[in-house]
Student: 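One structure coming up, written as structure tokens, with questions to follow.
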Amino acid sequence: MAKKSKEVTTILNKVSSAGYDIYCAGECVAATELGGSPLDWDMYTTCPQDKIREMFPEGEAIGKRTTRLDYSTFIESNDLQNIADHYDGIIADIVTLEGSMEEQLRIYDFTCEAIADHPSRAAIDPYGGLSDIKRRLLQPVGDANDKFKAKPILMLKALRYVGLYGFDLSRDLYNAIKANSDRLEFADKEEILYEFSTAINGNHAGKYLKMIKGLGLLKILVGEEGLVSDHRSKNDYDILCENIDRIKHITLRRLGLFYLCFEKHYEKAVTYLPHDELDQEYLLEAKRELPKLHFAGDDKALKKFICRHGWDKYNYFDKLSKAQVIVYGYSNQRVTGRDAILKEILAQHQPIFVEDLKIDADDIIEAGITNDRKRAEELLMMLTDIVHTKVQNNDRDILLKHARIFNKSKLRAAFRDVSWLR
């Protein structure tokens, strides 16, 4: 069997050394055999729970038969370095067996999961799962139709194996999904989003998206109202299927590319599944803001764009536009130009944000321009347009002068960003 992480090996050795059998089973076995480093581990042992909890006092009791060991650390995303949100380490559930390990394996849905890996003996593999892993063929344990009728979300779990590992579905499994696909309309949308987000970030996302379309499951992801309806959008989707695996494994970026294929019904498509508030905000703004970024062809326009959105959103829109270049073969001339402009802006420490101004709200109030702090902050935002146009305007006296003008004249404030021809 494949090599395991240090944390897993430590747990197995500790329980084995105490004289008890312990097995790994489930998706963690399949993932490890395929070269992955899974976060979640199912472990089964003949050791009583009181002994397990003595060996692992840091564990959390989950009912009478399970102890959970959480040796994981959450690594937050850093889009500048193309690092996705992820966990390092493992989470292991150690379950005390009530019957035999062979009986326990019946609970698993697919043959590649129904394998019990022992640290010192041959694996228990009653359904030929190891062979199926080598062939990357997903087959059900038992009758797939019965499983999908009882728990429809298992259909998307099956397709997750396609996206993550490039599995093919057995004919019976494929037909069972097709026959029961309408049941997914009643599945929990948060579970659908989890399966979708996980699969689209896999190494075989293109194959997954093709299969989703072939099985008629796009409506499960974007709703009936969000479905592709024009030739251009359908063509974009097909190109995305071919090339999505060429871009970085950043989930929100891949989701952005996916939703941009549904141009005419974009908002309905994005809001159909319950993305968290911030992710949905990024996704909804992407369609509107990408064209603006595309035409931000000078330092003034680029600084204004960054000021309005902040670095996090700018980085998202910037990387999303670069992903479009890779996927659709667009010219990268504007992207290259934008990078060069930004490099110069940063090298020269040019002011971009309100915080970069030589004055703050207190200065405006002390100068007697307004006593209203909210109004002072509005004036500061207007002043960023002045320094974006001309760096030399970032001077205390000049900024206070313009603040007075903008506060007195709504017309001058409204047209502050206009360059008049003489």
Side-chain angles (χ1 to χ4, degrees), residues 76-85 196-197 200-202 205-206 209 221-222 226 228 230 232-271 275-276 278-347 350 352-353 384 388:
E76 205 164 356
S77 66
N78 182 341
D79 206 48
L80 285 171
Q81 299 177 12
N82 291 311
I83 299 173
D85 286 349
F196 174 46
S197 299
I200 201 174
N201 206 27
L209 290 176
L221 305 179
V222 299
V228 174
D230 62 284
R232 178 181 172 182
S233 294
K234 290 177 181 177
N235 187 57
D236 284 351
Y237 186 91
D238 291 340
I239 295 173
L240 179 64
C241 290
E242 293 298 325
N243 295 320
I244 190 172
D245 295 323
R246 296 174 57 198
I247 68 168
K248 297 284 185 180
H249 293 76
I250 307 293
T251 305
L252 194 60
R253 195 180 305 172
R254 289 190 169 200
L255 287 173
L257 288 172
F258 170 79
Y259 285 119
L260 285 168
C261 294
F262 301 84
E263 184 175 359
K264 288 194 173 180
H265 309 286
Y266 184 79
E267 184 173 345
K268 290 178 179 177
V270 169
T271 56
H275 296 281
D276 71 44
L278 186 59
D279 284 356
Q280 183 166 290
E281 180 182 314
Y282 276 49
L283 291 168
L284 285 174
E285 290 185 18
K287 182 176 180 292
R288 181 180 68 248
E289 299 304 327
L290 281 177
K292 296 178 184 177
L293 180 60
H294 180 73
F295 289 107
D298 57 45
D299 61 345
K300 175 184 172 182
L302 188 57
K303 286 185 285 187
K304 183 174 182 178
F305 187 93
I306 296 171
C307 180
R308 294 296 184 269
H309 295 289
W311 280 119
D312 287 344
K313 278 189 182 177
Y314 170 76
N315 285 324
Y316 176 67
F317 298 141
D318 175 62
K319 296 294 174 31
L320 188 57
S321 71
K322 290 174 179 175
Q324 287 181 308
V325 169
I326 294 170
V327 169
Y328 295 107
Y330 298 155
S331 168
N332 69 347
Q333 183 176 354
R334 286 186 178 271
V335 168
T336 303
R338 184 168 71 236
D339 284 347
I341 293 169
L342 182 58
K343 183 177 181 181
E344 185 175 351
I345 290 170
L346 296 177
Q350 296 183 29
I352 298 175
F353 301 105
T384 60
H388 293 161

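Note that the structure is a prediction, hence the values are computed from the model and not measured. Along the sequence shown, residues are numbered consecutively beginning with 1.
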Student: To the closest 0.5 Å, what do you measure between CG (D236) and OH (Y328)?
Tutor: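 Going from CG on D236 over to OH on Y328, the span is 4.5 Å.
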Student: Between H294 and Y330, is a ring-ring contact (aromatic ring centres under 6.0 Å, His included) present by the stated rule, with each step listed?
Tutor: CA-CA 12 Å; H294 180 73; Y330 298 155; 8.4 Å; no
Student: Are a donor atom and an acceptor atom from the side chains of R338 and S321 found within less than 3.5 Å of each other?
Tutor: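 Result is yes, a qualifying pair exists.
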Student: Is the closest side-chain heavy-atom distance between K303 and I345 below 4.5 Å?
Tutor: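 A side-chain contact exists here, since the closest heavy-atom pair is under 4.5 Å.
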Student: Take R246 and V327, measure what side chain to side chain contact (heavy atoms under 4.5 Å, CB included) needs, and give me the verdict at the end.
Tutor: CA-CA 7 Å; R246 296 174 57 198; V327 169; over 6 Å; no
Student: How about Q324 and L290: do any of their side-chain heavy atoms sit closer than 4.5 Å?
Tutor: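 SC-SC contact between Q324 and L290 confirmed.
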Student: Under 4.5 Å between any side-chain heavy atoms of L302 and Y314, yes or no?
Tutor: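 The answer is yes, as the side chains (C-beta and beyond) meet within the 4.5 Å cut-off.
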Student: Have a look at H309 and tell me which of K304, K292, E289 forms a side-chain hydrogen bond (donor to acceptor under 3.5 Å, both in side chains) with it.
Tutor: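 So the option named by the test is E289.
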Student: Is the backbone of K248 close enough, under 3.5 Å, to the side chain of R253 for a donor and an acceptor to pair up by distance?
Tutor: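 Not a single qualifying donor-acceptor pair exists.
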Student: Compare all side-chain heavy atoms of K268 with those of V222 and state whether any distance is below 4.5 angstrom.
Tutor: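 Sidechains of V222 and K268: no contact.
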Student: Look only at the side chain of D276 and the backbone of D279, and say whether a donor-acceptor pair between them is shorter than 3.5 Å.
Tutor: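 Side chain of D276 to backbone of D279, a donor-acceptor pair under 3.5 Å: yes, one is there.
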Student: Is the backbone N or O of F353 less than 3.5 Å from a side-chain atom of T384, with the two atoms forming a donor-acceptor pair by type?
Tutor: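 The answer is no, because no donor-acceptor pair under 3.5 Å joins these two groups.
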Student: Return yes when atom CD of E267 has more than 12 non-hydrogen atoms of other residues, nucleotides or ligands closer than 6.0 Å, and no otherwise.
Tutor: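 Not buried by this count: 12 neighbours or fewer within 6.0 Å.
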Student: So for atom CZ, which belongs to R308, do other residues, nucleotides or ligands contribute more than 12 heavy atoms lying within a distance under 6.0 Å?
Tutor: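 Buried by this count: over 12 neighbours within 6.0 Å.
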Student: At what distance, to the nearest 0.5 angstrom, does CD1 of I200 lie from CG of L221?
Tutor: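 Atom-to-atom, I200:CD1 and L221:CG are 8.5 Å apart.
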Student: Applying salt bridge (Lys or Arg N to Asp or Glu O under 4.0 Å) to D318 and K322, what does each step give before you reach the verdict?
Tutor: CA-CA 6 Å; D318 175 62; K322 290 174 179 175; 3.1 Å; yes
Student: Once rounded to the nearest 0.5 Å, what's the spacing between atom CZ of F305 and atom CZ of F317?
Tutor: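 Between F305 CZ and F317 CZ, I get 5.5 Å after rounding to 0.5 Å.
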Student: Ignoring hydrogens, what is the shortest heavy-atom contact between I244 and R254? Give both atom names and the distance.
Tutor: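 Looks like O-NH2, 3.4 Å.
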Student: Using 30° and 60° as the class limits, which term best fits the ring planes of F262 and Y237: parallel, tilted or perpendicular?
Tutor: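 Because their plane-to-plane angle is over 60°, the rings of F262 and Y237 count as perpendicular.
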Student: Identify the two heavy atoms, one from A296 and one from A301, that lie closest to each other, and give their separation to 0.1 Å.
Tutor: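 Nearest heavy atoms, A296 then A301: CA-CB, 3.8 Å.
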Student: To the nearest 0.5 Å, what is the distance between CG on L278 and CG on L283?
Tutor: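 L278 atom CG to L283 atom CG measures 9.5 Å (nearest 0.5 Å).
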Student: Checking Y316 side chain against L252 main chain: does a donor-acceptor pair fall under 3.5 Å?
Tutor: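 Pair found, side chain donor or acceptor close to backbone of L252.
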Student: Working to the nearest 0.5 Å, report the span between CG of L255 and CD1 of I250.
Tutor: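 Taking CG in L255 and CD1 in I250, the distance rounds to 11.5 Å.
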Student: Of all the heavy-atom pairs spanning L209 and C241, show the shortest one and how long it is.
Tutor: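 Residues L209 and C241, closest heavy atoms: CB-SG, 3.6 Å.
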Student: Heavy atoms only: give me the nearest C261-S233 pair and the separation to one decimal.
Tutor: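 In this case the closest contact between C261 and S233 is O-CB, 3.0 Å.
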Student: For the side chain of R334 and the backbone of L293, is there at least one donor-acceptor N/O pair under 3.5 Å apart?
Tutor: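 Judged by distance alone, no pair lies under 3.5 Å.
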Student: What's the spacing between L240 CG and D245 CG if we round to 0.5 Å?
Tutor: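 CG of D245 is found 9.0 Å from CG of L240.
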